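These notes are about the structure you will find just below.
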Amino acid sequence: MPELPEVETVRAGLARELVGKKVKAAPVSDGRSTRRHPSAKDFRALLEGRTVKSVERLGKYLACALDNGSHLVIHLGMTGQLLKAKNAKVPKPKHTHVVLQLSSNEEIRFADQRTFGEMFVSLPVGEGEEVPISRFARLAIGGNGLNLRSRVRELAHLGLDPFEDQVGWDRFVAITRSRHVPLKALLTDQEILSGLGNIYADEVLFSAGLRYDRPCDELTTVEARRLHRTIPEVLSEAIKAGGTTLSDEMFVDLEGAPGRYQNQLQVHTREGEPCPQCRTPIERVVFRDRSTYFCPRCQS
DNA sequence: CAAAATTCCTGACTGC
DNA sequence: TGCAGTCAGGAATTTT
């Protein structure tokens, strides 16, 4: 459930708490969270003793640059949480799978009930090594060779990030015409656009006045431009509100505080409630095995 | 090749 | 009270 606004909220917290600190030890109690490494030992060996230089975000991924050129990459999956603790004595939350023990004696705990999330250390890209970048990511990277995609090979496949890669409407319109899928499938395909998930795809489509099942290559130029403009508008409002915490209370920031954007959702999780624009009841349909909420009157 | 379906996972909730 | 069934969905993998 963490999507771009939630991940950005966590990034800002990590930038405050982690930058300049050394990871003394990183014990792993559930290897599923470090599954990209052959064993938890390998993960620990690559991370322990390293100092964090910066914390970046691309799509729903976090990448902490380390002092030897590696990156600690984190994805929260559905239920992943990063929680700060003053010291090791503070009781660990349920489902804590990895603990970053810092030189300050503080800890960052990674808890993840459903284990869809992960952490891994990405080794530096060698000199002259070419990282294969997808067609859509190439549109995003432009002439920027310092882009995170070229420094972290595991993130090279990610499509346009609405904030990290700001493409003009003409390029965006071309992207909407490059595939023939329902609009919501386009918005949530991380290899085309990165950062949108089920919640914000619904919210963006409502704000743009477009139905989830419109074929993406049949939008008029005016409609595609409206969509292009709406994406960063909705996401930046959600970031301002600290992200969305639904009733499962799975998303919290580093301090354990929930977001506030759930109070501003226009349609998502609001089945049967009146549309904020026209008072028509919001509908819920199952689309591609996921819930989709929309206004049948305002969205076409 | 693109698009759609399946799989992973656990806790909350529903109905009997 | 217990218990089987259902639901939630990000992304890798498999199938069409």
Side-chain angles (χ1 to χ4, degrees), chain A residues 1-8 10 29-37 57-63 73-82 93-98 110-120 122 132 134-137 149 152-162 174-205 212-218 235 238 243-252 258-259 262 265 267-271 284-293:
Chain A
M1 230 167 295
E3 304 177 28
L4 190 152
E6 292 74 38
V7 178
E8 177 57 26
V10 172
S29 49
D30 190 330
R32 288 176 297 181
S33 296
T34 54
R35 57 185 170 272
R36 291 205 199 203
H37 295 280
R57 180 196 56 72
L58 190 67
K60 303 174 193 172
Y61 286 84
L62 293 166
V73 180
I74 305 171
H75 193 289
L76 298 174
M78 282 291 297
T79 54
Q81 303 175 330
L82 289 171
K94 257 188 193 173
H95 308 293
T96 295
H97 301 326
V98 183
F110 178 67
D112 187 10
Q113 177 191 111
R114 273 144 75 185
T115 66
F116 285 7
E118 61 169 339
M119 295 178 105
F120 62 91
S122 174
S134 73
R135 179 172 149 226
F136 294 103
R149 291 181 187 81
V152 181
R153 57 175 71 69
E154 293 86 349
L155 304 186
H157 68 286
L158 290 173
L160 297 173
D161 180 288
I175 288 169
T176 65
R177 292 175 183 167
S178 70
R179 296 233 171 162
H180 180 73
V181 291
L183 204 36
K184 186 169 177 178
L186 184 85
L187 294 183
T188 56
D189 185 335
Q190 303 301 300
E191 299 197 22
I192 297 174
L193 291 173
S194 56
L196 291 180
N198 210 35
I199 298 172
Y200 296 105
D202 283 358
E203 293 298 301
V204 163
L205 287 170
Y212 65 97
D213 54 356
R214 274 283 291 283
C216 64
D217 53 346
E218 291 173 19
L235 295 179
T244 299
T245 300
L246 298 177
S247 54
D248 61 11
E249 300 179 338
M250 272 302 167
F251 169 69
V252 290
Q262 59 277 12
L265 292 174
V267 291
H268 194 79
T269 70
R270 300 209 181 277
E271 181 181 15
R284 182 182 86 97
V285 295
V286 175
F287 169 72
R288 302 277 237 263
D289 223 23
R290 272 113 179 90
S291 291
T292 286
Y293 299 85

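By convention in this document, chain letters (A, B, ...) are assigned in the order of the sequence lines, proteins followed by strands, and residues within each chain are numbered from 1. Keep in mind that this is a model prediction, so the values were computed, not measured.
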Problem set entry | Residue whose closest nucleotide on DNA chain C lies nearer the 5' end, E191(A) versus R114(A) |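 Looking at the nearest nucleotide for each, R114(A) comes out on the 5' side.
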Measure from [atom1] on [X] to [atom2] on [N] and round the result to the nearest Å.
{"X": "D248(A)", "N": "dT6(C)", "atom1": "CG", "atom2": "P", "answer": "21 Å"}
{"X": "E118(A)", "N": "dA12(C)", "atom1": "CD", "atom2": "P", "answer": "8 Å"}
{"X": "Y61(A)", "N": "dG10(C)", "atom1": "OH", "atom2": "P", "answer": "12 Å"}
{"X": "Y200(A)", "N": "dG10(C)", "atom1": "OH", "atom2": "P", "answer": "12 Å"}
{"X": "D289(A)", "N": "dG10(C)", "atom1": "CG", "atom2": "P", "answer": "12 Å"}
{"X": "L246(A)", "N": "dC7(C)", "atom1": "CG", "atom2": "P", "answer": "18 Å"}
{"X": "Y293(A)", "N": "dA8(C)", "atom1": "OH", "atom2": "P", "answer": "7 Å"}
{"X": "R32(A)", "N": "dA11(C)", "atom1": "CZ", "atom2": "P", "answer": "19 Å"}

Is it true that the side chains of [X] and [Y] contain a donor and an acceptor less than 3.5 Å apart?
{"X": "T79(A)", "Y": "R114(A)", "result": "no"}
{"X": "H180(A)", "Y": "D217(A)", "result": "yes"}
{"X": "Y200(A)", "Y": "E6(A)", "result": "yes"}

Exercise. On DNA chain B, which is the earliest and which the latest nucleotide, 5' to 3', with an atom closer than 4.0 Å to a heavy atom of chain A?
Worked result: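 Listed 5' to 3', the contact boundaries are dA3(B) to dG11(B).
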For this session: Look at all strands and tell whether F287(A) reaches a base, only sugar-phosphate, or nothing, counting heavy atoms closer than 4.0 Å.
Result: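 Nothing, no nucleic acid heavy atom in range.
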Exercise. What is the nucleic acid contact for S291(A), judged by heavy atoms within less than 4.0 Å: base, sugar-phosphate only, or nothing?
Worked result: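 The answer is sugar-phosphate, as S291(A) gets under 4.0 Å only of primed atoms, P, OP1 or OP2.
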Problem set entry | Pairing residues for R35(A) by the salt bridge (Lys or Arg N to Asp or Glu O under 4.0 Å) criterion, not counting sequence neighbours |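 Result, salt bridge (Lys or Arg N to Asp or Glu O under 4.0 Å) vs R35(A): none returned.
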Exercise. Quick one: on DNA chain B, does R290(A) or S178(A) contact a more 5' nucleotide (nearest heavy atom)?
Worked result: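 Result: S178(A).
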For this session: Please work out whether the ring planes of F120(A) and H37(A) are parallel, tilted or perpendicular, with thresholds of 30° and 60°.
Result: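 The arrangement is tilted - the two ring planes meet at 30° to 60°.
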Problem set entry | Short side-chain N/O contact to dA8(C) OP1/OP2 from R284(A), under 4.0 Å |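 Checking dA8(C) against R284(A), a side-chain N or O does come within under 4.0 Å of OP1 or OP2.
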For this session: Could you tell me whether D189(A) and R179(A) have a side-chain N and a carboxylate O separated by less than 4.0 Å?
Result: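 Salt bridge: yes.
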Exercise. Among K184(A), E3(A), E203(A), which one satisfies side-chain hydrogen bond (donor to acceptor under 3.5 Å, both in side chains) with N198(A)?
Worked result: K184(A)
